[in-house]
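Structure in structure tokens, see below.
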Amino acid sequence: MANLFQSVRGFNDVLPADSAAWQQLYRIAGEVFAAYGYGEIKLPLLEHTGLFKRSIGEVTDIVEKEMFTFTDREGDSLTLRPEGTASCVRAGLEHGLLHNQQQRLWYAGPMFRHERPQAGRYRQFHQFGVEAYGMTGPDIDAEVIALSARLLKRLGLTDVTLELNSLGGSEVRKRYREALLEFLLRHESSLDADSQRRVRSNPLRVLDSKSETTQALLADAPSIQDAFDDAARAHFDGLQQALSDLGLAYRLNNRLVRGIDYYTSTVFEWTTTQLGAQGTVLAGGRYDGLVEQLGGSATPAVGWACGIERLLLLQKALGVEIDSSAADVYFCWLGEAAQREARKLAEQLRDMVPGLRIVLHADGGKLAAQLKRANRSGAAVALILGDTEVEARTVQVKSLRADAAGASAQQILPWPELAALLAGLVK
RNA sequence: GUGGGCGUAGCUCAGUUGGUUAGAGUCCCAGAUUGUGAUUCUGGUUGUCGGGGGUUCGAGUCCCCUCGCUCACCCCA
């Protein structure tokens, strides 16, 4: 109990029992990204603090109170990345990937936010993200959303809803913000305490307040659609048309705003009710101003990120089957001579049958104890090699699963025939 | 950062108005079976009762402080 050391709060270990689910998730995600022609970009975990302040927004909660920031030995302020988009844009600019070009990129890895941990929220958590640059039309918005839908579907995640909104573009957003602010200031005293605090710092955030009285008040608030110009309307209509063409159901939610400043037009979220308070599983939108804001030429961009732990939690809640990572074969041996042969045979089998998973028993012990371990290992088959078998150059092949009705539970096989038989166990 | 719940064996938990050496199940180990698992039977190991202090003849139990976990708020993936 009273261990000398514990992991840092909110920083979790993933144990072997869970890592199979992680590996399967990464494999499937990689396949889906490849299916749309997206290339992986590997980004550092640490960036200059200013990058995040400038991109996410000085007055957002992420920047104000959630970043892991420290001063290094040279006096520079560095921050463990709280999200991936800022790094992606920085890298794209640094390596000339964005100027007058189109890019389809994805990334994966840990992100860090100094929040109080709770279900589905950790201080080190992991995200997949997708970013597309240099394309202005709603077709690319539809593409990244279709990609996300395919990913969720491939992962067996059914109980999710796509919510959609548009902030209309940076001009529209700015104009709407002023109209909304004016409305909110008129009713400031009727707002809940959290919303009152947000009115001046980030008025759009008041829209998705959880307070019922605030929501009731907002019924009379100006609607963002009313602030749309022709271009904004055409873009949003085009996106909805594309989603309908693909048969992707969505729910319009004009209260949907994202907490990060750089979103300008399309915003969307996949949500679930299965995960307690953390209902957002994947979210993103269009951020046409960010590249320029970080020093590049004006470049349209759209992307999303998903929380890997939340996907895994949802898989678990929905009872999604995970591939077994158990061994196929457990190799038992009795005596020193047999151990030496078993060691060589196991290596030969690994050469001859790629993908075969063999556990070679270690540390001796009686056969009953070895078979007990074999059974617990999850292996389908136990191999048994003793002096008798070494002499005859054979091995006992014992089935550990009763499901194959009629199949002989145990047989004796000459060494040369072993590989062919065990090849049948590889999935 | 704010609030609620919870910390007893590797795991899941019981532990009476404070009372002697802190328990069960499971897991693990050994034997029954000196070369056959998963079933059965027998035996065995496992504890700074989260940590520190206090009250008391006596504290797992009461009080104070503290740490951790967890859920929710805030916020977000």
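Please read all numbers here as calculations on a predicted model, not as lab measurements. Reminder, nothing fancy here: chain letters follow the sequence lines and each chain counts from 1.
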**Prompt:** Closer to the 5' end of RNA chain B via nearest nucleotide, is it A:Ala277 or A:Leu334?
**Reply:** A:Leu334

**Request:** Would you kindly say whether A:Gln274 and A:Thr272 are connected by a side-chain donor-acceptor distance under 3.5 Å?
**Result:** no

**Complete:** Regarding the side chain of A:Thr388, the nearest nucleotide among B:C74, B:G37, B:G35 is B:G35

**Request:** Quick one: label A:Tyr330 by what it contacts on the DNA or RNA (base, sugar-phosphate, nothing), any heavy atom closer than 4.0 Å.
**Result:** nothing

**Request:** Would you mind telling me which residue lines up with the more 5' stretch of RNA chain B, A:Glu269 or A:Ala119, judged by nearest nucleotide?
**Result:** A:Ala119

**Message:** Nearest whole Å is fine: how far is B:C73 C1' from A:Asp192 CG?
**Reply:** 12 Å

**Fill in**
As its Watson-Crick or G-U partner within any shown strand, both distances under 3.5 Å, B:A30 has B:U42

**Prompt:** When rounded to the nearest Å, what value does the distance between P atoms of B:U2 and B:C11 take?
**Reply:** 30 Å

**Prompt:** Between A:Tyr26 and A:Trp22, what is the ring plane arrangement, given parallel below 30°, perpendicular above 60°, and tilted in between?
**Reply:** parallel

**Request:** Using a heavy-atom cut-off of under 4.0 Å over every strand shown, decide if A:Ala283 touches base, sugar-phosphate, or nothing.
**Result:** sugar-phosphate

**Message:** Let's test your reading of the model: under 3.5 Å, does the base of B:U36 pair with the side chain of A:Gln370 as donor and acceptor?
**Reply:** no

**Request:** List the atom of A:Leu167, the atom of A:Leu256, and the distance in Å for their closest heavy-atom pair.
**Result:** CD2-O, 4.4 Å

**Request:** Look at all strands and tell whether A:Ile384 reaches a base, only sugar-phosphate, or nothing, counting heavy atoms closer than 4.0 Å.
**Result:** base

**Message:** What is the distance, to the nearest angstrom, from the NE2 atom on A:His361 to the C1' atom on B:G35?
**Reply:** 13 Å

**Prompt:** What's the CG-P distance between A:Leu371 and B:U39, to the nearest Å?
**Reply:** 14 Å

**Item:** B:G51 to B:U8 separation - P atoms, rounded to the nearest Å
**Value:** 10 Å

**Distance between C1' atoms of B:C6 and B:G50 (Å, rounded)** = 12 Å

**Salt bridge A:Glu143-A:Arg104, side-chain N to carboxylate O under 4.0 Å** = yes

**Asked** Between A:Arg373 and B:C29, does any side-chain N or O lie under 4.0 Å from OP1 or OP2?
**Response** yes

**Prompt:** Given A:Asn165, which of A:Asn254, A:Val257, A:Leu207, A:Leu252 fulfils the side chain to side chain contact (heavy atoms under 4.5 Å, CB included) condition?
**Reply:** A:Asn254

**Asked** If we take the P atom in both B:G35 and B:A30, what is their distance in whole Å?
**Response** 14 Å

**Request:** Using only side-chain N and O atoms of A:Arg376, determine if any of them is under 4.0 Å from OP1 or OP2 of B:C28.
**Result:** yes

**Complete:** Answer for the Watson-Crick or wobble partner of B:G1, both distances under 3.5 Å, is B:C73

**Message:** So which atom in A:Ile358 and which in A:Phe331 form the shortest heavy-atom distance, rounded to 0.1 Å?
**Reply:** CG2-CB, 4.4 Å

**Request:** State whether the number of non-hydrogen atoms from other residues, nucleotides or ligands found under 6.0 Å of A:Arg175 atom CZ is greater than 12.
**Result:** yes

**Message:** How many whole angstroms separate atom CD of A:Gln396 from atom P of B:G37?
**Reply:** 13 Å

**Message:** Side chain of A:Lys366 only, heavy atoms from C-beta on: which candidate in B:U33, B:C74, B:A72 is closest?
**Reply:** B:U33

**Item:** Nearest-angstrom distance, P atom, B:C67 to B:C57
**Value:** 32 Å

**Prompt:** Atom CG of A:Asp363 to atom P of B:C28: distance rounded to whole Å?
**Reply:** 17 Å

**Request:** State whether the side chain of A:Thr280 and the backbone N or O of A:Leu282 hold a donor-acceptor pair below 3.5 Å, judged by distance alone.
**Result:** no

**Asked** B:U36 and B:U46: how far apart are their P atoms, nearest whole angstrom?
**Response** 30 Å

**Message:** Under a 4.0 Å threshold between the charged nitrogen and the carboxylate oxygen, would A:Asp220 count as salt-bridged to A:Arg186?
**Reply:** no

**Request:** Would you mind telling me which of B:G35, B:U36, B:C73 lies closest to the side-chain atoms of A:Glu389?
**Result:** B:G35

**Request:** Among B:G68, B:C74, B:G37, find the nucleotide with the atom closest to the side chain of A:Arg9.
**Result:** B:G68

**Asked** Is the A:Trp304 ring parallel, tilted or perpendicular to the A:Phe33 ring (thresholds 30°, 60°)?
**Response** tilted

**Prompt:** For atom C1', what is the distance between B:U16 and B:G60, given to the nearest Å?
**Reply:** 13 Å

**Fill in**
Residues at least two apart in sequence or cross-chain that pass ring pair (Phe, Tyr, Trp, His ring centres under 6.0 Å) with A:Tyr330, listed by chain then number, are A:His361

**Request:** Can you tell me the distance, in whole Å, between the CE atom of A:Met67 and the C1' atom of B:G1?
**Result:** 17 Å

**Prompt:** Can you tell me the Watson-Crick or wobble partner of B:G47, both distances under 3.5 angstrom?
**Reply:** none

**Asked** With distance as the sole criterion, do the side chain of A:Glu66 and the base of B:G1 form a donor-acceptor contact below 3.5 Å?
**Response** no

**Request:** Rounded to the nearest angstrom, tell me the gap between atom CZ in A:Arg123 and atom C1' in B:C69.
**Result:** 13 Å

**Complete:** Mate of B:A22 across any strand shown (Watson-Crick or G-U wobble, both atom pairs under 3.5 Å) is none

**Request:** Just name whichever nucleotide pairs with B:G7, Watson-Crick or G-U, keeping both distances under 3.5 Å, else none.
**Result:** B:C67

**Asked** Just checking A:Gly284: base, sugar-phosphate only, or nothing, at a heavy-atom cut-off of under 4.0 Å?
**Response** nothing

**Message:** Given B:G68, B:U36, B:G35, identify the nucleotide with an atom nearest to the side chain of A:Gln6.
**Reply:** B:G68

**Message:** With a 3.5 Å cut-off and heavy atoms only, can you find an N or O donor on one side and an acceptor on the other between the side chain of A:Arg116 and the base of B:C71?
**Reply:** no

**Prompt:** Base, sugar-phosphate alone, or nothing: which one does A:Lys398 contact when heavy atoms must sit under 4.0 Å apart?
**Reply:** base

**Message:** Near RNA chain B, counting only heavy atoms under 4.0 Å, which residues of residues 159-170 of chain A show up?
**Reply:** none

**Prompt:** If you check the A:Gln118 side chain, which of B:G37, B:G35, B:C71 turns out closest?
**Reply:** B:C71

**Request:** In whole angstrom, give the distance that lies between atom CZ of A:Arg121 and atom P of B:C69.
**Result:** 14 Å

**Message:** Between B:G3 and B:C74, how far apart are the two C1' atoms, rounded to whole Å?
**Reply:** 11 Å

**Item:** Watson-Crick or G-U wobble partner of B:A59, both distances under 3.5 Å
**Value:** none

